[in-house]
Amino acid sequence: MNSPKKILIITYYWPPAGGPGVQRWLKFAKYLPDFGWKPVVYTPENPSYPLLDDSLMKDVPKDLEIVKTKIWEPYQLAEKLNKSNKKFKAGQFDVGKNQSWKSKLSIWVRGNFFIPDARVFWVKPSVKFLEHYLKENKIDVVVTSGPPHSLHLIGLNLKKKLPHLKWIADFRDPWTEISYYKHLKLTKSSDRKHRQLESEVFRNADITLATSYTDAENFRKNGANSFCITNGFDETDSQTISSDSKPICPSNTSAFTLSYIGVLEQLRNPENLWKALNDLVCQNADFAKNFVLKFAGRIDDKILTDIENSALKNHILNLGYLSHDKAIEEMQTSDILLITNFPNESSKGIIPGKIFEYLATGKQIISFGPDDADVSRILNETQAGMHFSYDDTDTIKDFILEKFKLWKNGNLSENTTNIEQFSRRNLTKRLAEILE
């Protein structure tokens with residue numbers, strides 16, 4: 001039997017980090033041995049994570065080799081300047097009228113002084129360490145996963161030093177095409193630097209992975225040898241939830257529940273949905289009697305304040321941040337699951353990772369984002385729900401009322417199709433085929 005090939009995964013996010021960013025390569029590392037690959041993980045020793053989730057530790061293979069070195073990050077300085085800068089760790093910040101002068105200054109500093117991001121100080125020491133490590137250890141493939149996109153600079157510099165190295169740049173989100181890029185208040189020279197570095201990564205990586213169909217096509221247009229491997233769901237996640245574990249909000253016939261699970265920031269706030277729900281609560285007594293709007297995750301304070309100042313105030317159940325396992329339980333005890341994307345056309349290729357876990361529940365999904373979005377394609381293929389733009393209102397009310405009537409009559413069925421293509425194991429099989 002041939003010995004497995006070795007793949008070095010360079011990632012900032014690793015358990016106990018929480019959120020969707022950590023799960024992609026955690027799940028690949030879990031299933032790669034089934035396809036003849038032995039993963040090794042390189043990650044910071046002292047990272048600054050915005051979210052923690054110890055429940056993800058169970059997916060870390062017991063025999064996995066994890067290599068760590070120290071990182072220095074300037075976030076503590078940023079948080080002293082403005083407490084809201086804690087959002088920066090997760091790629092969030094205040095926008096528009098919600099921006100204070102401190103926020104504006106912090107965003108300008110972030111975009112122009114730390115290129116491509118504030119983890120850039122880990123690049124040089126990592127290149128020095130890994131150049132030696134790669135010479136001492138037989139590694140067949142190196143993967144860099146971003147954001148933070150500074151990790152791709154580790155791969156780029158290693159590739160220049162070791163030209164025969166096979167390097168894969170994995171973009172969980174785009175770099176210059178991501179929605180908040182235009183909010184970074186970049187100077188012309190800073191913008192040019194970002195784009196130059198991105199182009200170098202595209203041209204030098206042997207393979208560039210994208211998490212959406214549109215991103216893969218855009219990367220190809222910009223010189224990358226790009227393939228799409230979406231995120232997905234792990235069948236074992238729901239199986240590992242113990243039978244005696246009870247959700248915080250148990251499923252019952254007394255509440256028609258629309259849930260948002262995850263992080264919701266101002267740039268993805270579906271104000272037209274809140275208006276539609278507000279109208280339904282005010283206009284339809286039966287709906288108002290039965291409706292619950294459930295949040296499980298970190299919801300921007302300003303969004304919550306606006307909702308609490310509407311007729312929806314007495315219909316909100318805000319559970320706060322939950323572990324991954326608990327979040328899945330709350331998905332399973334909902335009737336409609338909400339997913340949101342940035343509204344501009346350049347974001348149509350973003351496929352939020354939680355959509356796949358939503359799919360695995362069989363529940364109906366209501367989605368918001370630009371027209372012709374990749375999310376819309378997935379919902380159509382799987383018959384799992386409907387996608388709306390941020391200009392829709394009446395059609396949203398029609399969709400929700402239709403599902404409410406089905407729920408009222410006990411006919412809101414779980415009827416998704418073709419979702420097995422998005423299982424983590426099948427996606428890892430596809431990755432292994434690309435790696436060969």
message: According to salt bridge (charged side-chain N to carboxylate O under 4.0 Å, His left out), does anything in residues 369-386 pair up with another residue at least two apart or in another chain? List the pairs.
response: Arg377-Glu381
Test item: Tyr321 and Lys326 side chains (from C-beta on) under 4.5 Å apart, heavy atoms: no
query: Stepwise, does the side-chain contact (heavy atoms from CB on, under 4.5 Å) test hold for Ile7 with Phe28?
result: CA-CA 11 Å; Ile7 179 170; Phe28 282 144; over 6 Å; no
- line: Output for pair (Phe399 CZ, Gln364 CD), nearest 0.5 Å, gives 5.0 Å
field: Closest non-hydrogen atom pair between Leu56 and Gly18, with its separation
entry: CD1-CA, 4.3 Å
task: Could you tell me whether Asp306 and Lys302 make a salt bridge, using a distance below 4.0 angstrom between a side-chain N and a carboxylate O?
output: no
- line: Residue set satisfying ring pair (Phe, Tyr, Trp, His ring centres under 6.0 Å) with Tyr358, at least two apart, ordered chain then number -> none
query: Under 3.5 Å, is there a donor-acceptor pair between the side chain of Ser310 and the main chain of Ile307?
result: yes
message: Is any side-chain heavy atom of Tyr31 closer than 4.5 Å to one of Pro61?
response: no
message: Run the side-chain contact (heavy atoms from CB on, under 4.5 Å) test on Leu293 and Tyr260 for me, step by step, so that the C-alpha distance in whole Å, both residues' side-chain angles and the decisive distance to 0.1 Å come before the verdict.
response: CA-CA 8 Å; Leu293 175 61; Tyr260 184 89; over 6 Å; no
- prompt: Looking only at heavy atoms, which two atoms of Gly349 and Thr214 are closest? And how far apart?
  reply: CA-CB, 3.5 Å
- line: Between the CG atom in Leu264 and the CG atom in Leu304, the distance rounded to the nearest 0.5 Å is 8.5 Å
- request: Taking atom types as modelled, find out whether Ser150 and Asp117 have a side-chain donor-acceptor pair closer than 3.5 angstrom.
  value: yes
field: Verdict with reasoning, Arg220 to Glu217, per salt bridge (charged side-chain N to carboxylate O under 4.0 Å, His left out)
entry: CA-CA 5 Å; Arg220 279 192 287 271; Glu217 181 60 30; 3.2 Å; yes
message: With heavy-atom distances below 4.5 Å as the criterion, would you say the side chains of Phe388 and Leu273 are in contact?
response: no
- request: Using modelled atom types only, decide if a donor and an acceptor are shared between the side chain of Lys5 and the backbone of Leu435 within a distance under 3.5 Å.
  value: no
- prompt: Sub-3.5 Å donor-acceptor pair from the side chain of Asn137 to the main-chain atoms of Tyr133, do we have one?
  reply: yes
Nearest heavy-atom neighbours spanning Glu265 and Asp300: CA-CB, 4.3 Å
query: Passes salt bridge (charged side-chain N to carboxylate O under 4.0 Å, His left out), Lys166 versus Asp140? Steps please.
result: CA-CA 7 Å; Lys166 187 168 184 179; Asp140 297 281; over 6 Å; no
- request: Measure the acute angle between the ring planes of Phe121 and Trp72, then classify it against the limits of 30° and 60° as parallel, tilted or perpendicular.
  value: perpendicular
field: CD1-CZ distance between Ile299 and Phe295, expressed to the nearest 0.5 angstrom
entry: 5.5 Å
- prompt: Are Glu271 and Lys275 close enough, and set up right, to give a salt bridge (charged side-chain N to carboxylate O under 4.0 Å, His left out), and what steps lead you there?
  reply: CA-CA 6 Å; Glu271 293 178 341; Lys275 182 182 184 307; over 6 Å; no
field: Where at least one partner belongs to residues 221-231, residue pairs that pass side-chain hydrogen bond (donor to acceptor under 3.5 Å, both in side chains), sequence neighbours excluded
entry: Arg24-Asn231
- request: Taking the side chain as every heavy atom from C-beta outward, state whether Val201 and Thr208 have any atom pair closer than 4.5 Å.
  value: no
- request: Check for a donor-acceptor pair, side chain of Ser259 on one end and backbone N or O of Leu337 on the other, with a separation under 3.5 Å.
  value: no
- request: Measure from the side-chain N and O atoms of Tyr49 to the backbone N and O of Trp14, and report whether any donor-acceptor pair falls under 3.5 Å.
  value: yes
query: Okay, side chain of Asn341, backbone of Ile350: is any donor-acceptor separation there less than 3.5 Å?
result: yes
message: Run Ser323 and Asp325 through side-chain hydrogen bond (donor to acceptor under 3.5 Å, both in side chains) and show every step you take.
response: CA-CA 5 Å; Ser323 71; Asp325 286 354; 5.6 Å; no
query: Rounded to the nearest 0.5 Å, how far does CG of Asp170 lie from CD1 of Ile10?
result: 12.0 Å
Any donor-acceptor N or O pair under 3.5 Å, side chains Asn269, Trp274: yes
Salt bridge (charged side-chain N to carboxylate O under 4.0 Å, His left out) partners of residues 419-428, not counting sequence neighbours, each pair once: Asp34-Arg425
All ring pair (Phe, Tyr, Trp, His ring centres under 6.0 Å) counterparts of Trp122, not counting sequence neighbours: Tyr42
- request: Please report the C-alpha distance between Trp37 and Thr428 in whole Å, then the side-chain angles of each, then the deciding distance to 0.1 Å, and finally whether the side-chain contact (heavy atoms from CB on, under 4.5 Å) criterion is met.
  value: CA-CA 10 Å; Trp37 286 87; Thr428 307; over 6 Å; no
- request: Give the C-alpha distance, both sets of side-chain angles, the deciding distance and a yes or no for side-chain contact (heavy atoms from CB on, under 4.5 Å) between Arg195 and Arg192.
  value: CA-CA 5 Å; Arg195 295 182 186 279; Arg192 191 161 52 245; 6.0 Å; no
Could you pull out every donor-acceptor pair under 3.5 Å between side chains of residues 156-165 and any protein atom, sequence neighbours left out?
unit_1	atom_1	unit_2	atom_2	d
Asn157	ND2	Leu153	O	2.7
Lys159	NZ	Pro163	O	3.3
Lys159	NZ	Leu165	O	2.5
Lys159	NZ	Asp206	OD1	3.3
Lys159	NZ	Asp206	OD2	2.8
Lys160	NZ	Glu200	OE1	2.8

Any donor-acceptor N/O pair, Tyr13 side chain to Pro16 backbone, under 3.5 Å: no
message: I want to check something: taking the side chain as every heavy atom from C-beta on, are Val143 and Thr11 in contact at a cut-off of under 4.5 Å?
response: no
task: Determine yes or no for a side-chain-to-main-chain donor-acceptor pair under 3.5 angstrom, with Asn272 supplying the side chain and Ser389 the backbone.
output: yes
task: Of all the heavy-atom pairs spanning Val120 and Ile115, show the shortest one and how long it is.
output: CG2-O, 3.4 Å
- request: Any chance you could measure Asn426, atom CG, to Gln421, atom CD, to the nearest 0.5 Å?
  value: 9.0 Å
- prompt: With a 4.5 Å heavy-atom cut-off, do Thr340 and Tyr390 have their side chains touching?
  reply: yes
task: Check whether the side chains of Thr176 and Glu198 place a donor and an acceptor atom closer than 3.5 Å, and report yes or no.
output: yes
- line: Note: Lys363 and Met331 closest approach over all heavy atoms is CG-O, 3.8 Å
task: Check for a donor-acceptor pair, side chain of His149 on one end and backbone N or O of Pro174 on the other, with a separation under 3.5 Å.
output: yes
- prompt: Is it true that Phe233 and Phe422 have ring centroids separated by less than 6.0 Å?
  reply: no
message: Between Glu357 and Lys354, does any NZ, NE, NH1 or NH2 come within less than 4.0 Å of an OD or OE carboxylate oxygen?
response: no
Any side-chain heavy-atom pair of Ile378 and Phe356 under 4.5 Å: yes
query: Under a 4.5 Å cut-off applied to non-hydrogen side-chain atoms, are Leu8 and Lys6 in contact?
result: no
- prompt: Arg172 side chain to Val22 main-chain N or O, any donor-acceptor pair under 3.5 Å?
  reply: no
message: How close do Cys228 and Thr211 get, counting heavy atoms only, and between which atoms?
response: SG-C, 4.1 Å
